[in-house]
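A short worksheet on the structure shown next.
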4 protein chains.
Amino acid sequence: MAKTGQYDPKPEHKFSFGLWTVGNRGRDPFGDAVRESIGPAALVDLLGEVGVWGVNLHDNDLVPIDATPSQRDQIVREFKKACQRNGIVVPMATVSLFFHPVFRDGAFTANDPEVRGYAIQKTLRAMDLGAELGAKIFVLWAGRDGAETDGCRRADIAVKRMREAINYLCEYNIEKKYGYKFALEAKPNEPRGDIYFATTGHYLGLIPTLDHPEMVGLNPEVAHETMAGLNFMHGVAQAWEAGKLFHIDLNDQAPGRYDQDLRFGSHNLKAAFWLVKFLEDVGYNGSRHFDAHAGLHAHVSDFERESQAMECRQRDPDNSEAG
Amino acid sequence: MAKTGQYDPKPEHKFSFGLWTVGNRGRDPFGDAVRESIGPAALVDLLGEVGVWGVNLHDNDLVPIDATPSQRDQIVREFKKACQRNGIVVPMATVSLFFHPVFRDGAFTANDPEVRGYAIQKTLRAMDLGAELGAKIFVLWAGRDGAETDGCRRADIAVKRMREAINYLCEYNIEKKYGYKFALEAKPNEPRGDIYFATTGHYLGLIPTLDHPEMVGLNPEVAHETMAGLNFMHGVAQAWEAGKLFHIDLNDQAPGRYDQDLRFGSHNLKAAFWLVKFLEDVGYNGSRHFDAHAGLHAHVSDFERESQAMECRQRDPDNSEAG
Amino acid sequence: MAKTGQYDPKPEHKFSFGLWTVGNRGRDPFGDAVRESIGPAALVDLLGEVGVWGVNLHDNDLVPIDATPSQRDQIVREFKKACQRNGIVVPMATVSLFFHPVFRDGAFTANDPEVRGYAIQKTLRAMDLGAELGAKIFVLWAGRDGAETDGCRRADIAVKRMREAINYLCEYNIEKKYGYKFALEAKPNEPRGDIYFATTGHYLGLIPTLDHPEMVGLNPEVAHETMAGLNFMHGVAQAWEAGKLFHIDLNDQAPGRYDQDLRFGSHNLKAAFWLVKFLEDVGYNGSRHFDAHAGLHAHVSDFERESQAMECRQRDPDNSEAG
Amino acid sequence: MAKTGQYDPKPEHKFSFGLWTVGNRGRDPFGDAVRESIGPAALVDLLGEVGVWGVNLHDNDLVPIDATPSQRDQIVREFKKACQRNGIVVPMATVSLFFHPVFRDGAFTANDPEVRGYAIQKTLRAMDLGAELGAKIFVLWAGRDGAETDGCRRADIAVKRMREAINYLCEYNIEKKYGYKFALEAKPNEPRGDIYFATTGHYLGLIPTLDHPEMVGLNPEVAHETMAGLNFMHGVAQAWEAGKLFHIDLNDQAPGRYDQDLRFGSHNLKAAFWLVKFLEDVGYNGSRHFDAHAGLHAHVSDFERESQAMECRQRDPDNSEAG
């Protein structure tokens, strides 16, 4: 696919996508998958075709949780080849601490010390994997760390357990010389009734209490803050101002409902405008990661329109009139 | 299990449960199932053990969508036997118009006339099944009939298609002498960005425009109205006053988030109190259907506590102080 | 002010404004008024200057609640003169059943029969006033008819009282040959914790139970449905399809918060687009009433931009690409 | 009023009330005041009668904004006498940076440097007043510091201005040896569309970046976090764990709507239970400030029931069953 137009994505735009979104099968709580499964290497080929810069992944997006070491190595080899032949980098890696039933009560904050220990170990392995792929950002989303009733644990204990876990990961990062920056991702609820560290603000409050605060920042996500009806850009701006905007998840969402992961700008164009304007004005230079799922009837990738829209906004000399 | 205490459920309480809740496997958008699958007959045995009056079902809770006619008949025979040996009735039946990928764009309001036709036919078969099991209430939840963007169809067209479908079902009900009352179930969103007929009120507005309005009423659900932050009891009261409270789904929910299907009374006890008081005061005599899923770590049935709580509220001479 | 451009408002656009919005002083629960009071006639002059078609009013926007009959007549005379000299009509009138402390427990549904009687009488006088000014639409917003705790009255009693009140108003309308259409305006909450008839749907359910259903329809308001996170256009479409879209209040709102009455299209342009497209596609021919308050620092009227925006959308041959 | 029962409030409970709540006149955006104005000294007498420990105030709750210095001194003298004769202390003072029209665009973050300067000066005078009354907690609620459109200022500039203002106030506190702890109070919206520092978490993120972080903590309010649908107790627990729970505002609220300031525990008893249990379990020893307004028809003080309810919960040996 030739990329010659002014709206074509270029590497310096740092447009990245996650295997879990481009490969999303459209399953939801009320319905079965509507799309076939596509393997990681094939997804990378698709991304390469449309000029994407980076691909991100959870450990189990790439390596099944029950893969043997040799299977794992084989999978990683093929994935790296796919990245190389498409000129695509892996800027960010993360870990699934939510899909397996063992995390039903949480991961880093679970009451069972064996689960907490397993969550840590699983994360270390995911860090190894990401490092092998060249990732320099490691995202942590503690999606199961929350409660439906606060009888399960005292909420300040959850804070302490989260701190302890992150401190441990930082030590490992130092010891292994991986050079990761950790980017914490907040969400107010779903899949738990209330998730600890509900917003970008709450994580900004945690970071200064860590052993290595300089190593830890934020990965704000449009949909997550919007679920709580908050002004996403305000949280992003506070994170930026604190030097903590390490990564960003661009998508969209109607407030006060389930996590929609809509295409960036598709629900509230005005909010998207002010966000893009802010990022451009301050010179944000990290990944522009589009964390949207295709709608259930989508047959084509929507990201081209996204990247065009972003380009378009950047170039408009006259955006000062919006309001 | 002996049932002699004053808080034991009795048939006159009309406590009913759905196969899809007691058999719920605890899968969610971010995680795999946490419980084993249990067959319909075994679920009925469990319900019988704890004194439940009625069991409700979607067609495919009982009969797999790809069952052959003889498999279907075999399954139904065994299910009826299980009901008989447990003294449990089937007061309500419904149809899944949301799980299969064919409904990704809706069922009765889908743009593809073949999908609309299939949705109707699937519902007729579900009506046959329910009638065979003795059900007199048929619930319709049009969960996929909605939109993420209103470019997909004009919303008044959706109203017309819904009316046409329900009119057709009413004719079939008359022709077959099934004697069903249809109970429409509203929901504001999820799995669609916005579902048509978002609240009990919206369906109350549709019913008088149907060919057989006397045959059609409501099945309000606590969680669904609460998702939109509405006072559930107010909607129930309007439905009751209009003679349209044909069924009710009791569960609980925090406002402004994903469909939680929490245990009735577990989130907002005050709202549950005023609802139960209303139902008792006006003499509601339909099913008291508990539409809650067990939490992910639940090991025991919670419905006993529910029925006790309801009994307790009924008996309290002093509930006039609440406020 | 010369009106020659293609984006200038014209009478056939039926752009109307309420005295309570253009004269809004910017008081809110946490702050004092930020603008001077302007008299009704002066407001009409301002509207005339910018080419507005119609002006709407509550009884007490024009006539103070404690005016003597002769004061009232004097005020009305001057107002009519102002309308005439500006070529402005009064398409809609309504009644304040919320500002005076006597309505603290509601108006048509209040527990005190004297309050209910007074609310009716006040409404009859407002109908007289509107008729004198030529209004053919009479809006009813029962903003205080709700509850913070449902101990105050049974919610089905509220439904009956509302019905009784509207029936009475219809009889008066017939007797006086005023020829009004009543347009009911729903709102989920504020100033009450929960207002009865929370959405357009709930009123659509009430109307068929009235003595004169043909005389009563809806006045949906963008902000009110959006407060509950509902898709406003879906409710409008259902009202239209039922032949009940008698009036519409155009403004904007972020979901899940206080009533903002923002400028139409200023929060969610996509939702505004689909609404305007729907109204144009179906040929809605009623008032296009802009029910927005100026922001606290506004010095100039924003309605010109509104009317231009609407014109612009109407004329765009290419709006089929939106999504 | 004799105070001998086990549910009577005692000084060690540190139950406090604000002049703005007990003197609240029940005005709202849609209606006029429903109660007479009562002077500060008379309010203190009412609080004394029912055994309250402390009274809190904004500067202008006590001293009108346009009082002369001698009027101010006279008012303060009478107020101190009223406190003394009732054995009531002034644990907390705060400043109104929201009522006067000059703050229409914000106070500490306003674009006009004169407004920012005035906001600082007004706060210094309020600190003088509080110090004179013996207050050791100074609450800051920046209720006007927000936006309806982000064209008004870049959100990171707002962060910087807020920091600068708080740093200045801390210096004054040191210079004057007032010994205040500042308690920052977050709110997501209202009266602004979006208020900067939307949650307790966001302020927790700001504090470590201040010049005197040890001097600054939080004043979380039930209603404010609940407006955004967040679990209030989780935010409180994080603040406590960080050593920053300097004050607390107890009231109640339905999620996703206007600021209701309902009586503590009146909307969601379960949430109130877990909050009280947390505060008691960790040994919180600050003010228990009830920040609720009376409902519009209230004639008697509700706080006795509140204090009883709290006592009751504290004493219940069996609260481990809740959930």
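Chain A is the first sequence line, chain B the second, and so forth, proteins listed ahead of strands; every chain is numbered from 1. If you're wondering where the values come from, they're calculated on a predicted model, not measured in any experiment.
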TODO: Give the intermediate values and the outcome of side-chain contact (heavy atoms from CB on, under 4.5 Å) for residues A/Phe30 and B/Arg144.
DONE: CA-CA 9 Å; A/Phe30 298 91; B/Arg144 293 272 171 207; 4.0 Å; yes

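In this structure, chain B has heavy atoms under 4.5 Å from both the backbone and the side chain of A/Glu190. Only the side chain of A/Trp141 comes within less than 4.5 Å of a heavy atom of chain B; its backbone N, CA, C and O stay farther away. Residue contact with chain B, scored on non-hydrogen atoms closer than 4.5 Å, is absent for A/Ala228.
The main-chain N or O of A/Pro191 is found under 3.5 Å from a side-chain atom of B/Tyr258 such that the two form a donor-acceptor pair.
Heavy-atom minimum distance, A/Pro29 versus B/Pro29: CG-CG, 3.5 Å. Counting all heavy atoms, side chain and backbone alike, B/Arg257 lies closest to A/Gly193 at NH1-O, 2.5 Å. Among all heavy-atom pairs drawn from B/Leu262 and A/Glu148, the shortest one is CD2-CG, 4.4 Å.
With sequence neighbours excluded, no residue forms a salt bridge (charged side-chain N to carboxylate O under 4.0 Å, His left out) with B/Arg27.
In this structure, CG on A/Asp32 lies 12.0 Å from CZ on B/Phe98, to the nearest 0.5 angstrom. We find the CZ-CG distance between B/Arg192 and A/Leu296 to be 6.5 Å, quoted to the nearest 0.5 Å.
The candidate with the highest count of non-hydrogen atom pairs below 4.5 Å against chain B, out of A/Pro188, A/Pro101, A/Gly26, A/Ser96, is A/Pro101.
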